[in-house]
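These notes are about the structure you will find just below.
So that the names make sense, note that chain A is the first sequence line, chain B the second, and so on, each numbered from 1.
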Amino acid sequence: MASVSTQPQFRYTQPPSKVLHLRNLPWECTEEELIELGKPFGKVVNTKCNVGANRNQAFIEFQDLNQAIAMISYYASSSEPAQVRGKTVYLQYSNRQEIVNNKTAADVAGNVLLVTIEGEDARLVSIDVLHLVFSAFGFVHKITTFEKTAGFQALVQFSDEPTATSAKDALDGRSIPRYLLPEHVGPCTLRITYSGHSDLSVKFQSHRSRDYTNPYLPVAQSAMEGSGQAMVGLDGKRLEAESNVLLASIENMQYAVTLDVLHMVFSAFGPIQKIAMFDKNGGLQALIQYPDIQTAVVAKDALEGHCIYDGGFCKLHISYSRHTDLSIKVNNDRSRDYTIPLTPVINVQPSVLGQQPVQNPMMGPPSQQQYNPYPPNSGQGPIPQSLAGWGTPPPPPPQHSMPMQMYNNVYMPPGTMAPPMAPGMPYPSQSTPQPASTMSTYGAGRSQ
DNA sequence: AGCACA
């Protein structure tokens, strides 16, 4: 049968439009390149690139029709064709009058992230764990969580878009480190897009929303009880008065827990000011002092019930101490004041530059070598599993205990301690938080 | 080298 050519597949003369259709573009041509191309002829108000099955078509929308006409007529008579990256591109009026960008809020970069927590036990991820995870990238202003058809979701507000973007790029598709979750909780994967919001409204501090910029925001429900020494959580559990000093007792202490090990474990959450260790009831206890309550709360929530070493050894039980400022009389292997700068001990001589620095003479040999016995089936010293970051073996315990040596360790938040859990995927260097910004993270806690 | 939400 003879096909009636009522609708020719291509019309060779298009009615003018301020939208131009471009084809034969280099693969994955960028918006910037399109703007460059159209700029000489007028104001490019919108573009859409990577169109079509081959992603080699695009649209340019000018502010005015005559600008589009100018571009078409110029190249119609030009001996040089329009080019992008040396490749000839073909121009024509589009058969549409405007570009419709189906950009949703999820595509527009902003300072607030929409986080979907995937997994059977997603609901069991606490807001504190989310706070900890996202704080690795900068100061988290606010978090709200809610239940939607998409599942358990959270909005996480950063100061600015670049910070949010660095968090999104680093965390999207990743799973929350196991050690931050209760043992029975299955894997929880984060799916992250941008939110349309720029400032979340948080009325109360509660188990579902937090405003970290305003620690004095009222706590939701009848959280206060009596004199304020104790509070009742939303689940009805009695809460102790929070403190910047934590009391840690260590159960099932099969291995030596040294000052340095404690320092390493607890400094994942913020700078440590002081540690004092002592024996009580035949067990080891330690007081760990942070500069602020907020950091202590995060550390307590993350570490409570967890074991320093794999296999249920050296299980931590953490409560808030009534102390607010420890009095450290002397720096020794059981107590230390990290706020007092020590005389520099390590001075790398020019002749040994590039070699390992000399070990701090104050310190004995590394704790792992000091301690016996090791488990029968392990020739290695135990490795603190709480620091096992994002599924990767943790760094060895610190060999030096000087404050300046510890500085980087102290301020390095958990998310930066280890490579991501996806093997072989490099951690984007740009998303690695700078110590300064991280300091502000921890520094912005409530003062007491 | 030929028009975008499938």
Side-chain angles (χ1 to χ4, degrees), chain A residues 1-110 112-116 118 146 148-151 153 155 161 164-165 168-169 172-173 189-198:
Chain A
M1 69 170 96
S3 63
V4 195
S5 57
T6 49
Q7 285 283 65
Q9 197 171 0
F10 303 118
R11 291 169 291 174
Y12 288 88
T13 53
Q14 299 279 116
S17 163
K18 56 189 170 64
V19 181
L20 301 183
H21 175 233
L22 287 70
R23 33 184 231 274
N24 201 37
L25 287 157
W27 194 68
E28 305 236 310
C29 168
T30 66
E31 195 168 8
E32 288 69 34
E33 289 171 311
L34 296 177
I35 294 170
E36 282 304 305
L37 195 66
K39 203 155 60 176
F41 305 97
K43 170 78 177 160
V44 176
V45 295
N46 204 353
T47 63
K48 186 168 179 67
C49 39
N50 305 321
V51 168
N54 297 328
R55 319 201 86 203
N56 58 357
Q57 299 174 45
F59 296 94
I60 294 179
E61 180 176 336
F62 284 101
Q63 186 150 49
D64 298 311
L65 179 63
N66 59 358
Q67 296 170 346
I69 294 173
M71 186 163 181
I72 290 291
S73 7
Y74 174 84
Y75 285 112
S77 58
S78 167
S79 53
E80 291 291 314
Q83 291 187 329
V84 170
R85 293 186 226 169
K87 200 169 180 218
T88 298
V89 304
Y90 300 90
L91 301 169
Q92 63 190 151
Y93 296 115
S94 171
N95 53 29
R96 312 253 188 131
Q97 288 308 116
E98 60 181 7
I99 292 177
V100 280
N101 285 58
N102 35 324
K103 272 189 180 169
T104 61
D107 302 316
V108 182
V112 179
L113 299 177
L114 172 62
V115 181
T116 305
E118 297 177 345
F146 48 91
K148 273 282 173 64
T149 47
Q153 295 189 301
L155 291 163
E161 178 272 314
T165 298
K168 176 179 178 291
D169 291 347
D172 188 19
T189 305
L190 304 174
R191 297 288 166 197
I192 306 178
T193 65
Y194 293 104
S195 157
H197 294 87
S198 58

note: A:N101, atom CG; B:dA6, atom C1'; distance rounded to Å ~ 17 Å
Whole-Å distance, A:I60 CD1 to B:dA4 P, equals 17 Å
Check: Is the aromatic ring of A:Y90 within stacking range of B:dG2, meaning centres under 5.5 angstrom and planes under 30 degrees?
Finding: no
Exercise for the section: Apply the test side chain to side chain contact (heavy atoms under 4.5 Å, CB included) to residues A:N46 and A:F59: give CA-CA distance (whole Å), side-chain angles for both, the deciding distance (0.1 Å), then the verdict. Expected result: CA-CA 8 Å; A:N46 204 353; A:F59 296 94; over 6 Å; no
Atom CG of A:N95 and atom P of B:dG2 are separated, to the nearest Å, by 14 Å
The nucleotide from B:dG2, B:dA4, B:dA1 with an atom nearest the side chain of A:V51 is B:dA4
A:H21 has its side chain closest, among B:dA4, B:dG2, B:dA1, to B:dG2
Tell me whether A:K43 at atom NZ has more than 12 heavy atoms from other residues, nucleotides or ligands lying less than 6.0 Å away. no
Between OH of A:Y93 and P of B:dG2 the distance, given in whole Å, is 21 Å
### Query
NA contact type, A:V89, heavy-atom cut-off 4.0 Å: base, sugar-phosphate, or nothing?
nothing
Could you go step by step and tell me if A:K48 and A:N102 meet the side chain to side chain contact (heavy atoms under 4.5 Å, CB included) rule? CA-CA 10 Å; A:K48 186 168 179 67; A:N102 35 324; 3.8 Å; yes
Among the nucleotides B:dA4, B:dC3, B:dA1, whichever has the atom closest to the side chain of A:R23 is B:dA1
A:R55 atom CZ is separated from B:dG2 atom C1', nearest whole Å, by 18 Å
Nearest heavy-atom approach of A:C29 to A:L34 is SG-CD2, 3.8 Å
Side-chain contact check for A:V100: nearest option of B:dA4, B:dA1, B:dC3 is B:dA4
Centroid separation A:F41 to A:Y74 less than 6.0 Å: yes
A:L20 atom CG is separated from B:dA4 atom C1', nearest whole Å, by 15 Å
note: A:K103, atom NZ; B:dC5, atom P; distance rounded to Å ~ 15 Å
Checking B:dC5, B:dC3, B:dA4 against the side chain of A:N102 (C-beta onward), the nearest is B:dC5
A:Q83 atom CD is separated from B:dA1 atom C1', nearest whole Å, by 15 Å
